[in-house]
There are 2 protein chains.
Amino acid sequence: MNAEPPLWRMIRDSLEAALAAGEYPAGTPLPSEAKLAARFGCAIGTVRRAVDELVAARALVRRQGRGTFVPDHDAMARLPHDGPDRTAFYFFHIRPEDGARLPPETELLDFRAGLPCPAWIAPHLGIAARAPMIFARNLQRIGGRAVALDELWLPRALFPGLDRAGFAGRDGTVYGLYQKRFGHSVIRTDERLKAVPAPAEAATAFDLAPGAPVLRILRVAYAIGDRPVELRISHADTREHEYFNTLA
Amino acid sequence: MNAEPPLWRMIRDSLEAALAAGEYPAGTPLPSEAKLAARFGCAIGTVRRAVDELVAARALVRRQGRGTFVPDHDAMARLPHDGPDRTAFYFFHIRPEDGARLPPETELLDFRAGLPCPAWIAPHLGIAARAPMIFARNLQRIGGRAVALDELWLPRALFPGLDRAGFAGRDGTVYGLYQKRFGHSVIRTDERLKAVPAPAEAATAFDLAPGAPVLRILRVAYAIGDRPVELRISHADTREHEYFNTLA
DNA sequence: TTCGATTTGTTCGTATGTATT
DNA sequence: TAATACATACGAACAAATCGA
């Protein structure tokens, strides 16, 4: 009774598995649609249907005349390739109230490798409690003003060899680092927001009265194939900035 | 040198304009793809490409064997048609911390028609300051517990004849009301979030200490064709609930 | 219940245009 | 210029879901 899924879906899943396995790193094109069609023994339109889905899921981008690629986080952040860049801010939602989109500057405050995973974090990342973790604390500024204090938790098993120098000395964003050095292309995040009294560190960093309201953001970032790779707790000062979200 | 846009885009825009103009109200199918192809003088695949875009933008839904429709907000909220419903909560993001998705209950606290539009609200809705507005205040509960206090501002010109009885006596959600009675199908919202000290009414409703942190959400809802139809200011108690957002 | 008409879903194939190298 | 790759558009055939006779 169970009808098998359509061909384009099997091709999509096959491609997604290949991407999750690290074939086709960012910058190197996939086989052309004609070659993929030959490989899968189907029409070119069927391959296009499968790729369409992965493009919609932000796992791939097409470039006419060039090929199909895993999107490069930092390249997207740099290029103003079609109008004011949207992708650069896809995962950074704190903006000045006037809506300006200044890029944030990041200062590394702390970095530790080998901490055991706190019990409450483990289930979010699908790992064992006390698994070895990498921990970092960042201060984000916009236009020189401190707006967010981030704590990052990464399973060390997913980021072998990552140390403070490698983390601090990256070229672009942290997600660009995850992608270029470790092949983890973040394409989805879940965020849970609360309004909470400012913790001590946040109050100090933002020059806030203790207990003043701040926005607490708990984010889990997922790479291609729905693999959680990072948990982040941010506290943001929303006196002159806000968290922006558009649902379409 | 300016190449004209592809045929499918012109068809998409034409369909979108028809939807925004109120043809094909929710529940009545569009002409079949074959008929549309004949009308536009193109291949059926080209029509499908155009409809694909509108489906992706949540302006249309397809039903195999039945036709293509403007999605019905409340029908989506009622039917568990494929697994746990996601669309019902597409525009309601407050959830218990455990992730349960109980439907909120709404209590109407206040309703006024004819108030002049506050100057700061007018630009968000693209209308003139002091334009006549409809104002409503709602209390949202989840599992009996008050979690959000909403203030709604609607341009009266877009909701002719809407009075307290019509507003309070609706069948389903407010967005369902907008759609069924006035033809405004909300498909997109912009939300701006801040952590703020609880205003007096919110503190009372939530049994909070005055000045305790609450989440303030400013939402503008857009109907098909990017027409703003509602501004909403919500204050949410996030002690046991949170604002959930997934970016994909 | 069966059947046929209608409508969308899937898959195939082809031709031509446009961008890149 | 030529080769390659994606983008657009056309057309056809059959499958699957729906609905009413």
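Letters A, B, ... are given to chains in the order of the sequence lines, protein chains preceding strands, and every chain is numbered from 1.
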Contact list for DNA chain C against residues 29-36 of chain B - heavy-atom distance below 4.0 Å = B:S32, B:E33, B:K35
inquiry  = If we ignore hydrogens and angles and just use 3.5 Å, is the side chain of A:E242 paired with the main-chain N or O of A:H93 as donor and acceptor?
reply    = no
Atom-to-atom span, CG of B:L60 to P of C:dT7 - whole angstrom = 16 Å
message = Of the options C:dT8, C:dT14, C:dT10, whose atoms approach the side-chain atoms of B:R62 most closely?
response = C:dT8
B:R49 vs D:dT8: side-chain N/O to OP1/OP2 distance below 4.0 Å = yes
ask   = Just checking, is any N or O donor in the side chain of A:E230 or A:Y222 under 3.5 Å from an acceptor N or O on the other one?
value = no
Rounded distance (Å) that lies between atom P of D:dT8 and atom CZ of B:R9 = 8 Å
request  = Of all the heavy-atom pairs spanning B:H184 and B:L158, show the shortest one and how long it is.
outcome  = NE2-O, 2.8 Å
ask   = With a non-hydrogen cut-off below 4.0 angstrom, is A:G67 in contact with a base, only sugar-phosphate, or nothing?
value = sugar-phosphate
task = Answer yes when A:E53 and A:R48 have at least one side-chain N-carboxylate O distance shorter than 4.0 Å, and no when they do not.
result = no
task = Would you indicate, yes or no, if C:dT8 has its OP1 or OP2 atom less than 4.0 angstrom from a side-chain nitrogen or oxygen of B:R48?
result = no
message = Return whichever of A:G65 or A:C42 has its heavy-atom-nearest nucleotide of DNA chain C closer to the 5' end.
response = A:C42
request  = Output, in order, the C-alpha distance, side-chain angles, deciding distance and verdict of side-chain contact (heavy atoms from CB on, under 4.5 Å) for A:L19 and A:L60.
outcome  = CA-CA 9 Å; A:L19 298 177; A:L60 289 175; 3.8 Å; yes
message = How many whole angstroms separate atom CG of B:D52 from atom C1' of C:dT8?
response = 11 Å
message = On the side chain of B:Q64, is there an atom forming a donor-acceptor pair with the base of C:dT7 - under 3.5 Å, no angle test?
response = no
ask   = Once you round it to whole Å, what is the distance between C1' of D:dA9 and CZ of B:F40?
value = 16 Å
query = Closer than 4.0 Å, any side-chain N/O of A:T68 to the OP1 or OP2 of D:dC6?
reply = yes
key: A:R66 CZ - D:dA7 C1' separation (whole Å)   = 16 Å
message = Over 60° means perpendicular and under 30° means parallel, so tell me whether B:F91 and B:H73 are parallel, tilted or perpendicular.
response = tilted
message = Please classify the nucleic acid contact of B:I44 as base, sugar-phosphate, or nothing, using heavy-atom distances under 4.0 Å.
response = nothing
query = Would you say the side chains of B:E107 and B:N138 form a donor-acceptor pair under 3.5 Å?
reply = no
ask   = How far apart are the closest heavy atoms of A:G144 and A:R141, and which atoms are they?
value = O-CD, 3.8 Å
query = Taking atom C1' of D:dA7 as reference, at what distance in whole Å does atom CZ of A:R63 sit?
reply = 14 Å
inquiry  = Rounded to whole Å, please give me the gap between CZ in A:F69 and P in C:dA19.
reply    = 17 Å
ask   = If only side-chain N and O atoms of A:T46 are considered, is one of them under 4.0 Å from the OP1 or OP2 phosphate oxygen of C:dC12?
value = yes
request  = Assess whether side-chain contact (heavy atoms from CB on, under 4.5 Å) is satisfied between B:F40 and B:M10, documenting all intermediate values.
outcome  = CA-CA 10 Å; B:F40 288 112; B:M10 298 192 291; over 6 Å; no
key: Rounded distance (Å) that lies between atom C1' of C:dT18 and atom CD of B:E4   = 14 Å
message = Which helical stems does DNA chain C take part in, if a stem means at least 3 consecutive Watson-Crick or G-U pairs with both distances below 3.5 Å?
response = C:2-21 with D:2-21
ask   = Would a distance-only check, ignoring hydrogens and angles, find a side-chain to backbone donor-acceptor pair under 3.5 Å from B:R58 to B:V55?
value = no
